[in-house]
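Chain identifiers are assigned alphabetically (A, B, ...) following the order of the sequence lines, protein sequences preceding nucleic acid strands; residue numbering begins at 1 within each chain. Worth knowing before you read on, the calculation uses all heavy atoms, side chains too, and leaves out hydrogens, waters and symmetry mates.
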2 protein chains.
Amino acid sequence: MSGDSTLLSELIEALRCLPGVGAKSAQRMAFHLLERDREGGVRLAAVLQQAMRHIGHCKSCRNFSESGECAICANPSRDPASLCVVETPADLLAIEQATGYRGRYFVLMGRLSPLDGLGPSELGVDLLTRRLAEGEVRELVIATNPTVEGEATAHWLGQLARAAGVRATRLAHGVPLGGELEYVDRGTLAHAFGSRHSLDD
Amino acid sequence: MSGDSTLLSELIEALRCLPGVGAKSAQRMAFHLLERDREGGVRLAAVLQQAMRHIGHCKSCRNFSESGECAICANPSRDPASLCVVETPADLLAIEQATGYRGRYFVLMGRLSPLDGLGPSELGVDLLTRRLAEGEVRELVIATNPTVEGEATAHWLGQLARAAGVRATRLAHGVPLGGELEYVDRGTLAHAFGSRHSLDD
């Protein structure tokens, strides 16, 4: 920024903490806010400060929440017999938006990944075991991602469920709706072919 | 956000004021900050608040500045005889970073664009005329963009300079360095061909 406003260069530098924002985008964002949307910038600053300070984790499901218990866990109309385990809050949101699921959630905030130092204790195994042991949960819906690490995590979750005497289910894998078989990747197609089911089911 | 943390949904909404950030990117940014970079988020909030509140315009050149006069205008080693007119602070930065220009600047904060309600007074014509009339400026470097509106603005600036008895210059147009003629657009190539100059110059 060659001798120019240091506050401006600080702003450009600070914006780079956002994912996918490099030097050029950060500069564009800073100029956009200063030239055209100071109000939006002020609001963002205020909300960001509040959010960073007050958003913690729900004590029952580990999802982000600004109070001790998140809105879903605190909602008495959500079925406590069904517990859906997801890797991230974004996965939870995707399920909430796409499905009519009315049970509760447990957010791992990660997946088993020894190389990144993520083991069972980082994923909240204590809390999950306690919830399974309470006896209220009758089905554990395992909705980890269909990746290598997600599958390993699903396998581990299945063992936890079995140990607690809870039925474990896994999201169906197969060809996505609206796609064309020609363009489906081989692994998915092979899996879908192997898992074909009778139309009379 | 179906009943989830309202502060989180406010944060996602507030992030959308950034240019090029839609619903999905805003969600990704919010989760990234909450999961991995709270410190960066807190710093961004603080800097953003400061910047939105304190960054105004330099009284001599209209560039962004947190004090009354920007660092370039306040720098006595910058040549006051040369004044480079640019459309935006980003253009100023680009020139500062690419060239060895040691004169001063004038930032229009826009270009002549009657349809957007941008006329001479919005571009600071009073201030520019006053600076030209002071007699210190001997060359007005017109560095508006080579677009239709930028060219119209350049023409108008040329007239201002002539009225004040100041020499006006314009950035050279032609084929960009490092490109191949084959891929240069027709307008640029025609201009470069018409403006060919003798190698003996």
A:H173, NE2: over 12 other non-hydrogen atoms inside 6.0 angstrom: yes
Contact winner vs chain A - B:A30, B:A74, B:P89, B:G110, heavy-atom pairs under 4.5 Å: B:P89
Steps toward side chain to side chain contact (heavy atoms under 4.5 Å, CB included) verdict (A:L11, B:M52): CA-CA 10 Å; A:L11 175 59; B:M52 293 298 120; 4.2 Å; yes
Closest heavy-atom pair and its distance - A:G41, B:C17: N-SG, 4.4 Å
Residues, nucleotides or ligands: over 12 heavy atoms within 6.0 Å of B:R138 CZ: no
Distance in Å, A:R28 CZ paired with B:L18 CG, rounded so as to fall on 0.5 Å steps: 10.0 Å
Greatest number of heavy atom pairs closer than 4.5 Å to chain A - which of B:Q49, B:E35, B:Q50: B:E35
Chi angles and distances behind the side chain to side chain contact (heavy atoms under 4.5 Å, CB included) call for B:L33, A:L48: CA-CA 9 Å; B:L33 291 178; A:L48 196 54; 3.7 Å; yes
Atom CD of A:E39: over 12 foreign heavy atoms under 6.0 Å: no
Rounded distance (nearest 0.5 Å) linking atom CE of B:M29 with atom CG of A:L15: 9.0 Å
Contact leader toward chain A among B:C58, B:S67, B:G40, B:A90, where contacts are heavy-atom pairs under 4.5 Å: B:A90
Audit row: B:L44, A:L44, side chain to side chain contact (heavy atoms under 4.5 Å, CB included) steps and yes/no: CA-CA 10 Å; B:L44 174 57; A:L44 174 57; 5.7 Å; no
Point-to-point distance, once rounded to the nearest 0.5 Å, from CG of A:L93 to OG of B:S9: 9.5 Å
A:H54 NE2: over 12 foreign heavy atoms closer than 6.0 Å: yes
Where A:L34 and B:A51 come nearest, the two heavy atoms and their spacing: CD2-O, 4.0 Å
Heavy-atom pair of closest approach, residues B:E66 and A:L7: OE1-N, 2.9 Å
Considering all heavy atoms, the nearest B:I55-A:R38 contact: O-NH1, 2.5 Å
